[in-house]
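Single-structure report; data block below.
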Amino acid sequence: MRPMRSKKKGGVILALALLAVSCVMGGCGRETDKVGEAMKLVEELDYQGALELLSEAAENKENGRLVARGKGIAYLGMADYENAISCFLESLSMSNGIVENVDYDLNYYLAAAYAGAGRYEEAKETYNSILALKPQEKDAYYLRGGVELELGQVEEAKQDYDKAVSMDPKNYDRLLAIYEAFDHFGHKEIGKEYLQTALDNGAKTLSSYDKGRIYYFMEEYEQAYAELEEAKADEKAESSLYLGKAYEATGDYNYACNVYRSYLDKHGDSAEMYNQLGVCEMKRGNVESALSAFQSGLSLGDKDMQQALAFNEIVAYEYLGNFGKAEEQMQAYLKLYPSDEKALREEIFLSTRKPAEVPE
């Protein structure tokens, strides 16, 4: 079993779901009583508890549209995509005929659920509907591009990504996500064109941090070292994170771990840094140190990193031969992430207590 890297990107579906969760609350109406309590539980990843409260809200005749929407979000969090789709469609059906912000919000959620269920054509149609009414929605162009890659529609995806980039040319996080999406689907060279264009256009304006991470993804590690060493002076976690990754990419795990530890010794507030340190220590064969890093990261309560850190803690227990603890942690993990196929396969492995697969 291999540890999870620092969460982000790779999965188009995950990007869809994460963006959908940023609700345009101005059009959602005031969350009432049980609905509001349920949404707080969603933030805490207690999806089952949220569903129970939302059922009570329905019995109390609270806002039916918000109840259905809340259930959809909870099911989406549980990766129960078909139930999420049903709930979002139900909430949309309660519209009074006037298009409001909540309708766009629901359509973003619905598209994420369609994509999660592998229903990419329907996801694309949903983004088409959003753009028909709001042609300046750059997020919809970007997300539709991801769905088009899933459908093998590379040219259409490139057109949508070009549109999203033209509308927000200095969004380098998105630019790198576009590169990773093309790379993921076997079109790395197309993705690199976006990175080279960013370097060419921003030669005098790009920060050392942005240059460094672009060079990192272009696999030009010497240039990445130089830019990121300079950027590291700002003491932001992201600069040290990419600097360490650049050294990992060339096999210098000792220096990479030193970079991560140096930042954490000063700040100690980055769950993602702890996760990457743990992954790096696993590569060095220092499993006890890796386990300590994952547990330190978990103690910070970062919801965005919880899944990766929890899974990697299980990996570490497994490599230490503590199969009982690994199985116990796996059961707790699957309650939170019941549809994680990798974890489900590993749960079967743990029940046999066979030797673990050597990581890359």
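All values reported here derive from a predicted model rather than from experimental measurement. Along the sequence shown, the residues carry numbers beginning at 1.
The two residues S299 and S296 come nearest to each other via the heavy atoms OG-O, 2.6 Å. Across all their heavy atoms, Y179 and G191 have their closest contact at CD1-C, 3.5 Å. Here the closest non-hydrogen pair linking A249 and Y216 is CB-CE1, 4.4 Å. Listed here is the closest heavy atom pair of L228 and S239: CD2-O, 4.0 Å. The minimum heavy-atom distance linking Y127 with A112 is given by the pair OH-N, 4.3 Å. Taking both residues in full, the closest heavy atoms of F294 and E313 are given as CD1-N, 3.9 Å, listed atom of the first, atom of the second, then distance.
In this structure, the side chains of V165 and L175 come closer than 4.5 Å at one or more pairs of heavy atoms. Residues Y260 and S240 form no side-chain contact, since every pair of their non-hydrogen atoms from C-beta on lies 4.5 Å or further apart. Looking at heavy atoms from C-beta onward, S55 lies in side-chain contact with K71 at the 4.5 angstrom threshold. Between N254 and D252 there is a side-chain heavy-atom pair separated by less than 4.5 Å. No side-chain heavy atom of N171 sits under 4.5 Å from any side-chain heavy atom of K138. Using a 4.5 Å cut-off on side-chain heavy atoms (C-beta onward), Y209 and K232 make no contact. The side-chain heavy atoms of R213 and Y215, taken from C-beta on, include no pair separated by under 4.5 Å. At least one side-chain heavy atom of E180 sits less than 4.5 Å from a side-chain heavy atom of F217.
The existence of a salt bridge linking R69 and D105 is confirmed by a sub-4.0 Å separation between a basic side-chain nitrogen and an acidic carboxylate oxygen. The residues K188 and E219 are annotated as salt-bridged, a charged nitrogen and a carboxylate oxygen being separated by less than 4.0 angstrom. Note on E248 versus K283: salt bridge recorded, some NZ/NE/NH1/NH2 to OD/OE distance being below 4.0 Å. Between R174 and D139, at least one side-chain N (NZ, or NE/NH1/NH2) sits under 4.0 Å from a carboxylate O, which counts as a salt bridge. Salt-bridge annotation for R284 and E281: present, with a side-chain N of the basic residue lying under 4.0 Å from a carboxylate O of the acidic one.
Between M273 atom CE and H267 atom NE2 the span is 8.5 Å, to the nearest 0.5 Å. Note that the CG atom of L264 and the OH atom of Y274 stand 5.0 Å from one another [nearest 0.5 Å]. Going from atom CG of D103 over to atom CD1 of I98 covers 10.0 Å, rounded to the nearest 0.5 Å. Rounded to the nearest 0.5 angstrom, C257 SG and N286 CG are separated by 7.5 Å. In this structure, the separation between CG on L277 and OG on S289 is 8.0 Å, given to the nearest 0.5 Å.
Other residues, nucleotides and ligands place more than 12 heavy atoms under 6.0 Å from the NZ atom of K192. Heavy-atom contacts from other residues, nucleotides or ligands closer than 6.0 Å to NZ of K134 number more than 12. For E288, the CD atom counts as loosely surrounded, since its 6.0 Å shell holds 12 or fewer non-hydrogen atoms of other residues, nucleotides or ligands.
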- [ ] Please assess Y263 against D269 for the test side-chain hydrogen bond (donor to acceptor under 3.5 Å, both in side chains), listing each intermediate value before the final yes or no.
- [x] CA-CA 9 Å; Y263 177 87; D269 60 353; 3.3 Å; yes

Task: Evaluation steps, side-chain hydrogen bond (donor to acceptor under 3.5 Å, both in side chains), between Y333 and Q307 - done: CA-CA 8 Å; Y333 178 92; Q307 183 174 4; 3.0 Å; yes

- [ ] Run the numbers on E125 and R144 for side chain to side chain contact (heavy atoms under 4.5 Å, CB included), then give the verdict.
- [x] CA-CA 9 Å; E125 290 171 8; R144 188 172 69 178; over 6 Å; no

TODO: I would like to know whether Q159 and E155 meet side-chain hydrogen bond (donor to acceptor under 3.5 Å, both in side chains); could you show each step before the answer?
DONE: CA-CA 6 Å; Q159 289 174 15; E155 285 305 314; 5.2 Å; no

TODO: Carefully, step by step, assess F182 and Y161 under the rule ring-ring contact (aromatic ring centres under 6.0 Å, His included).
DONE: CA-CA 10 Å; F182 276 117; Y161 284 147; 5.5 Å; yes

Open item on the list: side chain to side chain contact (heavy atoms under 4.5 Å, CB included) for L199 and M218? Distances and angles first, verdict last.
Closed with: CA-CA 11 Å; L199 284 174; M218 292 185 74; 3.5 Å; yes

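Linking ILVMFWY residues whenever their side-chain heavy atoms come closer than 4.5 Å, directly or via other members, leaves I130 and Y141 in distinct clusters.
For the residue pair D168/Y142, the side-chain donor-acceptor check at 3.5 Å is not satisfied. The closest side-chain donor-acceptor pair between N60 and D33, if any, does not fall under 3.5 angstrom. With 3.5 Å as the limit, one finds no donor-acceptor pair spanning the side chains of E272 and Q276. A side-chain N or O of Q153 and one of K124 form a donor-acceptor pair less than 3.5 Å apart. Under the 3.5 Å distance criterion, with hydrogens and angles disregarded, no donor-acceptor pair is assigned to the side chains of D200 and T197. A side-chain N or O of T250 and one of Y225 form a donor-acceptor pair less than 3.5 Å apart. For the residue pair E137/Y108, the side-chain donor-acceptor check at 3.5 Å is satisfied.
Remark: the backbone N or O of K34 is paired with a side-chain donor or acceptor of E62 at under 3.5 angstrom.
Using cut-offs of 30° and 60° on the angle between ring planes, the pair Y255 and Y247 is tilted.
Among residue pairs with one or both ends in residues 83-98, those qualifying as side chain to side chain donor-acceptor pair (under 3.5 Å) are D80-N83; sequence neighbours excluded.
Scored by the side chain to side chain contact (heavy atoms under 4.5 Å, CB included) test, L89 finds I85, L110, Y114 as partners (sequence neighbours excluded).
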